[in-house]
Asks: 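Would you mind keeping the following structure in view while I ask a few things?
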Amino acid sequence: MRRHEARRRDLLHFLQRAYDQLIHDVALQNLPVVFALDRGGLVGADGPTHHGAFDLSYLRCIPNLTVMAPADENECRQMLYTAFTIDGPAAVRYPRGAGTGAEILQQMHALPVGAGEIRREGRRIAILAFGSMVKPALDAGASWAPPSPTCAS
């Protein structure tokens with residue numbers, strides 16, 4: 001029992017140190033560091049030990065850190081490009097596996113930071129999504145909506 005308790009304290013210490021390094025050594029100094037975070041969200045086949053289910057919670061409270069979550073593979077490329085244009089730390093979190101099949105634009109351009117995007121307009125229902133959940137949200141909105149736009153997603 002005593003050995004198990006020591007391991008927990010060490011683990012917490014190392015976990016806290018990693019988080020402190022992100023905050024103290026990058027964010028508080030507002031350094032232009034880009035974090036490309038693979039396996040953001042629920043990652044399926046890798047199992048629950050590899051889910052990035054809590055990263056948004058602990059990344060959003062870090063000062064000066066811009067957190068981005070692309071909806072598809074083209075947006076991922078553009079967000080990584082955007083991250084390098086930000087004068088401060090930025091994190092781009094993306095899921096495991098294949099993309100949605102989005103068209104890849106060759107021209108790179110910086111995306112507006114902190115701005116939402118309306119993908120579909122309608123009335124009565126609003127579906128809000130970001131990152132890898134945009135495509136399922138659009139699909140869900142399309143399945144609920146008659147041919148005329150009455151569902152926003």
Asks: Look at the side chain of Asn64 and the backbone N and O of Ala27, then say whether any donor-acceptor pair between them is shorter than 3.5 Å.
Replies: yes

Asks: Could you check if a side-chain atom of Val134 sits within less than 4.5 angstrom of a side-chain atom of Asp72, using non-hydrogen atoms only?
Replies: no

Asks: Would you say CG of Asp20 has more than 12 non-hydrogen atoms from neighbouring residues, nucleotides or ligands within 6.0 angstrom?
Replies: yes

Asks: Specify the closest pair of heavy atoms between Ser143 and Ala140, including all atoms of both residues, with the distance to one decimal.
Replies: OG-O, 2.8 Å

Asks: Would a 4.5 Å heavy-atom cut-off, applied to side chains only, mark Cys76 and Leu80 as touching?
Replies: yes

Asks: Is there side-chain contact between Leu56 and Arg93, with at least one heavy-atom pair below 4.5 Å?
Replies: yes

Asks: Can you find a pair of side-chain heavy atoms, one from Leu37 and one from Leu59, that are under 4.5 Å apart?
Replies: yes

Asks: What's the shortest heavy-atom distance between Val92 and Ala83, and which atoms?
Replies: CG2-CB, 4.1 Å

Asks: Nearest 0.5 Å, please: how far is CG in Asp55 from CZ in Arg60?
Replies: 12.0 Å

Asks: Rounded to the nearest 0.5 Å, what separates atom CD1 in Ile86 from atom CE in Met79?
Replies: 10.0 Å

Asks: What distance separates Leu28 CG from Leu65 CG, expressed to the nearest 0.5 Å?
Replies: 11.0 Å

Asks: Which heavy atom of Glu121 sits nearest a heavy atom of Ile118, and at what distance?
Replies: CG-CG2, 3.5 Å

Asks: Looking at every non-hydrogen atom in both residues, tell me the closest pair between Ala71 and Arg119 and how far apart they are.
Replies: CB-NH2, 3.7 Å

Asks: Between CD of Gln78 and CG of Leu105, what distance do you get to the nearest 0.5 Å?
Replies: 6.0 Å

Asks: Using the rule that Ile, Leu, Val, Met, Phe, Trp and Tyr join whenever any side-chain heavy atoms are under 4.5 Å apart, tell me whether Val67 and Phe84 fall into a single cluster.
Replies: no

Asks: Could you check whether any side-chain heavy atom of Leu22 comes within less than 4.5 Å of a side-chain heavy atom of Tyr58, counting everything from C-beta outward?
Replies: no

Asks: How far apart are the closest heavy atoms of Glu73 and Ala102, and which atoms are they?
Replies: OE2-N, 3.1 Å

Asks: Is Gln21 close to Arg17 at the side-chain level, that is, under 4.5 Å between some pair of heavy atoms?
Replies: yes

Asks: So which atom in Met108 and which in Tyr81 form the shortest heavy-atom distance, rounded to 0.1 Å?
Replies: CE-CB, 3.4 Å

Asks: Quick check for you: to the nearest 0.5 Å, what is the distance between Glu75 atom CD and Thr100 atom OG1?
Replies: 9.5 Å

Asks: Are the side chains of Thr66 and Pro89 in contact, using a 4.5 Å heavy-atom criterion?
Replies: no

Asks: Measure the CD1-CZ distance between Ile62 and Phe35 for me, rounded to the nearest 0.5 Å.
Replies: 8.0 Å

